[in-house]
Amino acid sequence: MSAAESSPRPVSLVTGGAGFLGSHLTDRLLAEGHRVIALDNLITGSIDNIEHLAGNENYEFIKHDVTKYLFIPGKVDFIFHFASPASPMDYLELPIQTLKVGSLGTHNALGLAKEKGATFLLASTSETYGDPLEHPQKETYWGNVNPIGPRGVYDEAKRFAEAITMAYHRAHGVDTKIVRIFNTYGPRMRLRDGRVVPAFISQALEGTPLTVFGDGNQTRSFCFVSDLIDGIFRLSRHATHEPVNIGNPAEMTVRQFAEKTLQLIDTKSEIEYRPLPEDDPKVRQPDITRAREWLGWEPRVAFDEGIAQTIAYFREVLGK
Ligand code: UDP
């Protein structure tokens with residue numbers, strides 16, 4: 001009998017376990033008394049994010065590409081499917097891998113959930129709403145996605161992932177959950193993943209121009225990672241199979257975020273305007289009524305507090 005089979009603890013499998021969100025989710029699951037098996041092929045994840053777990057007897061890391069056949073011995077109670085390139089720069093550089101992990105990877109992870117009788121939670125995204133024509137975005141909105149644009153590889157892979165997740169629920173009775181994750185920030189984001197939070201903070205710390213794309217009037221709503229993970233953990237325990245938005249409704253323009261960064265970091269950096277990437281959503285803000293009413297969840301960490309922790313993390317990484 002394997003260690004997992006004999007474990008009285010719930011066993012959770014986290015795909016993308018060495019990523020930004022996967023590693024924070026792992027920490028939470030371990031703190032909740034789970035045994036965690038983390039899978040990652042490390043194309044965008046990093047061993048640095050899981051180094052602190054070395055030697056933890058309730059933790060196992062397997063370097064594996066979830067788009068390839070998956071065999072896990074012993075019981076598995078929860079599968080959290082978090083593997084995917086997730087920043088626009090990453091999925092532009094890794095278009096085929098992004099499509100494969102959202103399609104083949106989700107299929108494999110669902111097949112394993114069916115085999116094990118595990119609860120399956122899909123990390124979906126606000127990108128399923130595309131460049132939204134409804135604002136703020138409710139889960140009932142079907143979205144406005146360009147299937148053949150550069151972001152289509154991510155958006156459509158996640159939309160396919162939601163569709164196959166619901167199909168496994170309806171056809172095979174798998175206990176499935178879908179979280180639509182809005183912009184999230186915090187320690188362990190990759191310094192150069194191209195996303196706006198690490199980009200502006202590292203540019204300010206290095207004294208280089210803050211690269212605002214377009215006129216900077218596009219909006220995003222930023223959620224601190226601990227809040228997001230709390231919402232996801234609650235959803236994994238809830239009976240619903242409907243998608244649930246998790247994100248912070250506090251909306252700001254990209255230019256406001258750039259100005260805030262310049263106030264918080266003593267720097268000689270200035271704002272520099274660059275062309276807006278194709279299909280960049282003009283607005284984004286979650287309607288979190290479902291999360292509030294169904295999960296009793298809402299974000300607790302104020303932006304100023306979360307961003308201070310994130311700046312401290314990047315200072316350490318950069319030695320600044
Ligand atoms: N952005 C920017 N400068 C950067 C990186 C991003 O102005 O160096 C903008 C980007 O055009 C978008 C917003 O910031 O409007 C958020 O981009 P991010 O890549 O973080 O994620 P997205 O929300 O687009 O998935």
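Indexing begins at 1, ligand by ligand and atom by atom, following the structure's order. Basis for what follows: all heavy atoms, side chains included, without hydrogens, waters or symmetry-related copies.
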| Protein contact of atom 17 (O) of ligand 1 - nearest heavy atom, named by residue and atom, plus distance | Val196 CB, 4.1 Å
| task | Determine, for Phe233 and Arg28, whether the Lys NZ or Arg CZ falls below 6.0 Å from the six-membered ring centre while staying within 45 degrees of the axis. | result | yes
| said: As an exercise, identify every atom of ligand 1 less than 4.0 angstrom from a heavy atom of Gln218. | reply: 9 (C), 11 (O), 15 (O)
| said: Checking the side chain of Arg9 only, and the main-chain atoms of Gly33 only, is there a donor and an acceptor separated by less than 3.5 Å? | reply: yes
| Is Pro88 near ligand 1, meaning one of its heavy atoms is under 4.0 Å from it? | yes
| request: For atom 13 (C) of ligand 1, grab the closest protein heavy atom and report residue, atom and distance to one decimal in Å. | output: Val254 CG2, 3.7 Å
| request: Give the numbers and elements of all ligand 1 atoms closer than 4.0 Å to a heavy atom of Val212. | output: 7 (O)
| note | Numbered in order shown, the ligand 1 atoms found under 4.0 Å of a heavy atom of Arg151 are 22 (P), 24 (O), 25 (O)
| message | My understanding is that only one of Glu127, Glu242, Glu162, Glu139 makes a salt bridge (Lys or Arg N to Asp or Glu O under 4.0 Å) with Arg180; could you say which? | response | Glu162
| request: Heavy-atom contacts with Asn183 under 4.0 Å: which atoms of ligand 1 show up? List them by number with element. | output: 21 (O), 22 (P), 23 (O)
| Close side-chain approach of Phe314 and Leu205, heavy atoms under 4.5 Å | yes
| field | Flag, side chain of Glu270 to backbone of Pro209, donor-acceptor distance under 3.5 Å | value | no
| said: Please determine whether any non-hydrogen atom of Arg284 lies less than 4.0 Å from an atom of ligand 1. | reply: yes
| said: Are Lys177 and Leu122 packed together at the side-chain level, in the sense that at least one heavy-atom pair is separated by less than 4.5 angstrom? | reply: no
| query | Do the two ring centres, one from Tyr168 and one from Phe120, sit under 6.0 Å apart? | reply | no
| said: Under 4.0 Å, counting heavy atoms only: does Phe257 come that close to any atom of ligand 1? | reply: no
| Rounded to the nearest 0.5 Å, how far does CG of Asn248 lie from CZ of Phe222? | 10.5 Å
| said: If I take atom CD1 from residue Ile311 and atom CD from residue Glu316, how far apart are they, to the nearest 0.5 angstrom? | reply: 14.0 Å
| task | Would you mind checking which non-hydrogen protein atom is closest to atom 1 (N) of ligand 1, with the distance to 0.1 Å? | result | Phe213 CD1, 3.5 Å
| query | Within a strict 4.5 Å, meaning less than it, do heavy atoms of the Tyr129 and Arg159 side chains meet? | reply | no
| atom 3 (N) of ligand 1: the protein heavy-atom neighbour that sits closest, reported with distance to 0.1 Å | Thr211 O, 2.5 Å
| task | Provide, to 0.1 Å, the distance between atom 16 (C) of ligand 1 and the closest protein heavy atom, together with that atom's residue and name. | result | Arg220 NE, 3.6 Å
| When you measure from atom 11 (O) of ligand 1 to every protein heavy atom, which one gives the shortest distance, and what is it? | Asp280 OD2, 2.6 Å
| Taking heavy atoms and a distance under 4.0 Å, where does Arg274 meet ligand 1: side chain, backbone, both or neither? | neither
| task | Check if Glu127 has a non-hydrogen atom at a distance under 4.0 Å from any atom of ligand 1. | result | yes
| task | Number the atoms of ligand 1 from 1 as they appear, then name those within less than 4.0 Å of a heavy atom of Ala199, with their elements. | result | 8 (O)
